[in-house]
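Report on the structure given below.
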Amino acid sequence: MKAVVLAAGQGTRMRPLSESVPKPMLPVADRPLAAHTVDAAIDAGAAEIVLVIGYEGETVRDYFGPEYRGVPVSYAVQEEQAGTADAVDAASPHLEGPFAVLNGDNLYDPAAIDRLFDACPAVCAIEVDEPRNYGVLSTADGSVTGIVEKPDEPPTNLANAGAYAFPAAAREWLAVPASERGEHEITDVVARVIDEYDVTPVTLERWLDVGRPWELLAANEWHLAELDGRIDGDVSDDAHLEGEVVVEAGATVEPGVVIEGPALIREGAEVGPNAYVRGATLIDRDAEIGHAVEIKNSVVSRGTSVSHLSYIGDSVLGRDVNVGAGTNVANLRHDDADIEFTVKGDRVSTGRRKFGVVAGDRVKTGINTSLTPGLRLEAGATTMPGETVERDR
Ligand code: TTP
């Protein structure tokens, strides 16, 4: 079966991280987010991957190329991001026979994708506590009988997890009318398939929709926890590594460094001397973590430098950020309330008691900057030496 992976979206809720790097290419452990989806499809036996690209699509094409892990990859360009059904429609010329559709920004447990392919026609579902926030499936006698978006009275607690195995006929049903929010939605195609076929619900053990910056942190927590420790880089005898720590070839860990895994130190990165890395932390390619810096449960993207005597906790730093010496991130409120973050102009709860800052690419902080919890710094933003920053900029 061919697998269509949707990766054309603008990722507006992921800003500022998605401004120049498209969301599917943001780092999750040792691969871009969408590579985890593509891997799950390949492990389930996909004969070909059809990637739908659009926003910053060339970056996606450059990464996967014409063949990935021995499986052919073709590309469909969605000129305008007019919705998920429209995205699959763009891929339609590449399809014949039954086909799968997966969101390129969702993490699935791979075994379930295998079951999804076997059960075609089928839809992946996951049990959730708050079904009102999701597309919800109704079921009877082991089949899916309906799908409804964000219902006030959910028929079940089974949320649609954005992974489908469609019969060949569904190719003809992709031109659905626009929904109330003006998008052509794949769920309307799913509704038609449910009407005409016996559709199996395939229950996932684990699933994560990575739409907002703290979900990128959660995605890294998930996949870093699956690492098996490995030292291929240059690690000082005077460094102390415990738990599952990967130091890739070409990375350097200097004397006095303590790393408590899970942690991944990628090629070209330099850590120390005397730095402390803990929690689930990704130090991406060519990043530099200076003397006496503490990094906890964070993503430090490629080319970013954190200078001496700084603390970064529960945060995501974009590419080529420069953190001035003595910069401190606060990641906890005095009243212990969940930290909020600005998404498309609204402050929304991250559901996290501990959350630090999200810095877009090329942010620069002056020395001794203090950053308050839930702060959003746009790409290229700067702070002055000694400044306490309490509002997004
Ligand atoms: P969304 O997360 O709904 O859209 P998005 O990725 O653009 O993010 P945001 O809402 O923050 O702007 O999309 C779900 C998946 O479908 C995701 O993998 C992107 C993909 N997609 C397309 O390929 N084309 C589209 O037109 C849309 C809307 C989404």
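Here the structure is a predicted model, which is why all the values come from computation and not from measurement. Atoms within a ligand are numbered from 1 in the order they appear, just like the ligands themselves.
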Q: State whether the shortest distance between N or O atoms of Gly211 and N or O atoms of ligand 1 falls below 3.5 angstrom.
A: no

(Q) So if I count the atoms of ligand 1 from 1 in the order they appear, which ones are less than 4.0 Å from some heavy atom of Glu183? (A) 28 (C)

Q) Any ion pair linking Glu378 and Arg15 (charged N to carboxylate O, less than 4.0 Å)? A) no

Q) Quick one: nearest non-hydrogen protein atom to atom 24 (N) of ligand 1, plus distance? A) Gln78 OE1, 2.7 Å

Q: Tell me which protein heavy atom sits closest to atom 23 (O) of ligand 1, plus the residue, atom name and distance to 0.1 Å.
A: Ala8 N, 3.0 Å

Q: Can you see which heavy atom on Val323 is nearest to which on Leu317, and at what distance?
A: CG2-CD1, 4.0 Å

Q. Counting both backbone and side chain atoms, is some N or O of Glu80 under 3.5 Å from an N or O of ligand 1?
A. no

Q: Could you verify whether a donor N or O on one side chain and an acceptor N or O on the other, from Asp109 and Trp207, lie under 3.5 Å apart?
A: no

Q. Any side-chain donor-acceptor pair under 3.5 Å between Thr383 and Thr365?
A. no

Q) When you measure from atom 20 (C) of ligand 1 to every protein heavy atom, which one gives the shortest distance, and what is it? A) Leu6 CB, 3.7 Å

Q. For atom 27 (C) of ligand 1, which candidate among Ala7, Ala87, Gly83, Gly57 provides the closest heavy atom?
A. Gly83

Q) Is the shortest side-chain N to carboxylate O distance from Asp209 to Arg13 below 4.0 Å? A) no

**Q.** Per-residue contact class, Val52 against ligand 1 - non-hydrogen pairs under 4.0 Å
**A.** neither

Q) Any salt bridge (Lys or Arg N to Asp or Glu O under 4.0 Å) pairs touching residues 311-328, not counting sequence neighbours? A) Lys296-Asp314

(Q) Return the closest protein heavy atom for atom 6 (O) of ligand 1 as residue, atom name and distance. (A) Lys23 NZ, 3.0 Å

**Q.** Ligand-residue contact atoms, ligand 1 with Gly104, heavy atoms, under 4.0 Å
**A.** 18 (O)

Q: For atom 15 (C) of ligand 1, find the nearest protein heavy atom and state the residue, atom name and distance (0.1 Å precision).
A: Asn103 OD1, 3.6 Å

Q) Looking at ligand 1, does Asp105 have a heavy atom less than 4.0 Å from it? A) yes

(Q) For the residue pair Gln78 / Tyr55, report whether a side-chain donor-acceptor contact shorter than 3.5 Å exists. (A) no

Q. Among protein heavy atoms, which sits nearest to atom 3 (O) of ligand 1, and what does the distance come to when rounded to 0.1 Å?
A. Arg13 NH2, 4.3 Å

Q. Thr84: heavy atom below 4.0 Å from ligand 1, yes or no?
A. yes

**Q.** Distance, nearest 0.5 Å, that separates CH2 of Trp222 from CD of Glu215
**A.** 12.5 Å

(Q) Checking a contact table here: which protein heavy atom is nearest atom 5 (P) of ligand 1, and how many Å away? (A) Gly11 N, 3.7 Å

Q. Between Trp214 and Phe355, how do the two ring planes meet: parallel, tilted or perpendicular, split at 30° and 60°?
A. perpendicular

**Q.** Glu340 with Arg376: basic N within carboxylate O range, under 4.0 Å
**A.** no

Q: Among all protein heavy atoms, pick out the one at the shortest distance from atom 12 (O) of ligand 1; state its residue, atom name and that distance to 0.1 Å.
A: Thr12 OG1, 2.6 Å

Q.
Tell me whether atom 10 (O) of ligand 1 lies less than 4.0 Å from at least one protein heavy-atom position.
A. yes

(Q) Assess whether a salt bridge exists between Arg353 and Asp336, defined as any Lys/Arg side-chain N lying under 4.0 Å from an Asp/Glu carboxylate O. (A) yes

